Amino acid sequence: MKLLWLVLFISLSQFQHAESRYTSWFPNVVDTVTNKTAQITNYVREKGRSIKNFYVENVRNKITNYLGFEKDNSKVPDQTRLKRKFSGYVSDAQTNDNSIFDSIAPVQMEHKCSDEDPTIHMTTPQLLAYHGYPAEAHTVVTDDGYILTIHRIPYSKNSHDKVSPRKTVLLHHGLLGSSADWIIAGPQKGLGYILSDVGYDVWFANVRGNTYSRAHVSRNVDTFAFWNFTFHDVSQHDLPAVIDHIMQIKGWDVKINYIGHSMGTTVLFALLSTKPQYNKILRAGFALAPVAYMTDIKSPIKLLAKFSNNIEYLMKLLGANEFLPQNAVLRWLSKHACEINHYEEVLCENSMFVLCGHDPKQFNKTLLPLILGHVPAGASTRTLVHYAQEIRNDGKFQQFDYGTEGNLQQYGEPIPPEYPLHKITLPIALFSSDNDWLASEIDVSNLYVQLVNPIEHYIVPLKTFNHIDFLWAVDAPSLVYKKLLQLLEEGVSEPYYSITNVNSINSL
Ligand SMILES: *[C@@H]1O[C@H](CO)[C@@H](O)[C@H](O)[C@H]1NC(C)=O
Ligand SMILES: *[C@@H]1O[C@H](CO)[C@@H](O)[C@H](O)[C@H]1NC(C)=O
Ligand SMILES: *[C@@H]1O[C@H](CO)[C@@H](O)[C@H](O)[C@H]1NC(C)=O
């Protein structure tokens, strides 16, 4: 997800250009960053430079070069020229059937990243097998025709018993993520492996549109019809299909534990509030970096919110279908990732933390090539727009806003319906952290008090812990997963299977 922010950052700057606020944008970012996180300043100072110079060198000049503007600040391009330049990119993207990023990203990588590490290009099941774990891929077709591939570690390689255990857990990745998110950190640190080793049958969801779920029974993946979805559709179609599939395999009495990260929590809340029967089907929910209300977003993603009432403009800017197709972004990023090796990894770390919060101590730099090889895994632009709308609409957790007329058609009301959180009766634990720029303490606490069956609101006891640290932090096992395992085992009173249905237990 960090990579998203890097590119989002670039796209946001383009907004500013297009809106002709070119001159004020960078000083603002510098101010915000300087004021918000003293650690960033210290970090850059340690490198012997001022934060402003750092941005000018590493971020601004790069963007202006890409857009073809003068490096010299005094020659701010006029609006007509900007517009022409930008519409050039848009029409280029349209002619070549690409998103805008394809036109900006260099076609040829100038530097070649070292790909000595064979794991960089491996899929989730290949990675699992590489580390000696049994791996399965299952195809699930949703009721609206999307073909998803979900993954599974049926039992641990360290288990004597080669039968998948009854205890079941479903891991759901966040925006732009995939099943790989849970195993990138490797066998000792990745939550997928850890859960398998302590005796769970571990399932990994993959949402429509990501690396593993880019197919539909009738829609071509290159069309808007395919990408015309938000997290709402994931919650209404993908999630039920995945849960139903697991029950088909394991028996209808099986009680699934759900662990979500970021958007993986959004879709859980949307599902449980709109299809209440799933409150009975699951055993408990564990929400890492939960995102529902968005009143207190520190991430500059909120800059996107200003434009969220002009959906067409956003779509044009970000690409109407897929947000950040992996190749274009990878081309762009790998170029920098390689430079990073020369620049003490400065650019990568810093551009990411601009939007997501930064925690250099917890970031394992060894994982960077592997992360770059798997993230971003794909998401629809409409999902991004949906989040941006929430920020604009006072942080309300509600369905997609089509505008007054569209809403009347879609919902029969001029404003989109809010998700009725009071209908969530599943036992739920929330895991949040102080340095999460997307899931702030106010918003998470506000969510927590709405829960009918709260388990606990656990705040990670490390001030600098951020949104992405839940997946890959060096100390995630001791700071987060230990607590998570404890709550899974002791914090939930629900059994691991439905005791009323004895027949299906015997049949397994
Ligand atoms: C950051 O702090 C400076 C100095 O205290 C202040 O002038 C500026 O307005 C602040 N900027 C933001 C974005 O809060
Ligand atoms: C996109 O989805 C919305 C809501 O599901 C639907 O009303 C609309 O017709 C769809 N548009 C296209 C072009 O598929
Ligand atoms: C960083 O990741 C590598 C590769 O998975 C691992 O071997 C190493 O132990 C990790 N370092 C820390 C400090 O966790």
Side-chain angles (χ1 to χ4, degrees), residues 1-2 5 36-40 42-43 169 171-175 177 181-186 188-195 198 257-266 268-269 284-299 301 349 352-353 355-365 367 371 427-449 451 454-492:
M1 187 124 145
K2 284 189 185 177
W5 302 134
K36 288 224 168 91
T37 49
Q39 49 158 318
I40 298 171
N42 294 337
Y43 181 78
V169 64
L171 298 179
H172 202 299
H173 62 80
L175 185 67
D181 292 4
W182 304 103
I183 59 166
I184 276 176
Q188 270 78 48
K189 306 228 159 168
L191 185 59
Y193 294 108
I194 292 175
L195 286 164
V198 299
N257 293 288
Y258 183 102
I259 301 177
H261 173 244
S262 183
M263 188 188 78
T265 72
T266 313
L268 177 70
F269 301 132
F286 301 86
L288 311 180
V291 180
Y293 296 119
M294 300 183 86
T295 66
D296 185 28
I297 303 297
K298 297 189 188 70
S299 163
I301 191 183
E349 278 193 7
M352 287 171 183
F353 73 64
L355 285 130
C356 247
H358 180 53
D359 190 4
K361 288 207 181 76
Q362 286 294 318
F363 190 67
N364 182 347
K365 297 184 179 84
L367 298 178
I371 293 172
I428 288 181
L430 304 183
F431 290 69
S432 67
S433 63
D434 286 335
N435 191 26
D436 192 329
W437 289 12
L438 289 158
S440 74
E441 201 205 319
I442 296 175
D443 287 336
V444 178
S445 302
N446 200 0
L447 170 66
Y448 190 70
V449 297
L451 298 174
I455 299 174
E456 187 169 334
H457 176 191
Y458 174 77
I459 299 172
V460 178
L462 179 67
K463 286 268 172 223
T464 54
F465 206 83
N466 77 12
H467 197 73
I468 300 112
D469 282 337
F470 284 95
L471 297 174
W472 304 317
V474 172
D475 293 322
S478 57
L479 291 172
V480 181
Y481 306 155
K482 195 170 152 226
K483 179 73 184 179
L484 179 61
L485 290 181
Q486 185 206 329
L487 290 181
L488 265 169
E489 295 292 326
E490 300 158 19
V492 187

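Nothing here was measured: the structure is a model prediction, and the numbers come from that model.
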If you compare all heavy atoms of [X] against all heavy atoms of [Y], which two are closest, and at what distance to 0.1 Å?
{"X": "Pro290", "Y": "Phe269", "result": "CB-CE1, 4.1 Å"}
{"X": "Leu462", "Y": "Gln362", "result": "CD2-NE2, 3.7 Å"}
{"X": "Ser433", "Y": "Ile459", "result": "CA-CG2, 4.5 Å"}
{"X": "Ile455", "Y": "Ala284", "result": "CD1-CB, 4.3 Å"}
{"X": "Gly190", "Y": "Ala185", "result": "N-CB, 3.8 Å"}

Classify the angle between the aromatic ring planes of His457 and Tyr448 as parallel (below 30°), tilted (30 to 60°) or perpendicular (above 60°). tilted
[X] (side chain) donor-acceptor with [Y] (main chain) under 3.5 angstrom:
{"X": "His172", "Y": "Met263", "result": "no"}
{"X": "Thr266", "Y": "Val291", "result": "yes"}
{"X": "Asn257", "Y": "Val169", "result": "no"}
{"X": "Trp472", "Y": "Asp181", "result": "yes"}

Going through the distances and angles, do Leu191 and His261 end up as a side chain to side chain contact (heavy atoms under 4.5 Å, CB included)? CA-CA 11 Å; Leu191 185 59; His261 173 244; over 6 Å; no
Test log, rule side chain to side chain contact (heavy atoms under 4.5 Å, CB included), inputs Trp182 and Leu195: CA-CA 10 Å; Trp182 304 103; Leu195 286 164; over 6 Å; no
Which pairs, with at least one residue in residues 471-483 and sequence neighbours excluded, count as a salt bridge (Lys or Arg N to Asp or Glu O under 4.0 Å)?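 Residue pairs with at least one partner in residues 471-483: Glu456-Lys483.
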Looking only at side chains, do Asp443 and Thr295 share a donor and an acceptor under 3.5 Å apart?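 There is such a pair between these side chains.
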Output the distance between atom [atom1] ([X]) and atom [atom2] ([Y]), rounded to the nearest 0.5 Å.
{"X": "Ile468", "Y": "Asp436", "atom1": "CD1", "atom2": "CG", "answer": "8.0 Å"}
{"X": "Leu471", "Y": "Ser262", "atom1": "CG", "atom2": "OG", "answer": "8.5 Å"}
{"X": "Leu479", "Y": "Leu484", "atom1": "CG", "atom2": "CG", "answer": "13.0 Å"}
{"X": "Ile184", "Y": "Lys189", "atom1": "CD1", "atom2": "NZ", "answer": "15.0 Å"}
{"X": "Phe286", "Y": "Leu268", "atom1": "CZ", "atom2": "CG", "answer": "11.0 Å"}
{"X": "Leu451", "Y": "Leu430", "atom1": "CG", "atom2": "CG", "answer": "5.5 Å"}

Let's go through Asp469 and Val460 carefully: what are the C-alpha distance in whole Å and the side-chain angles of both, what is the deciding distance for side chain to side chain contact (heavy atoms under 4.5 Å, CB included) to 0.1 Å, and is it a yes or a no? CA-CA 10 Å; Asp469 282 337; Val460 178; over 6 Å; no
Testing Phe431, Tyr481, Phe465 one by one against Phe470 for a ring-ring contact (aromatic ring centres under 6.0 Å, His included), which residue passes? Phe465
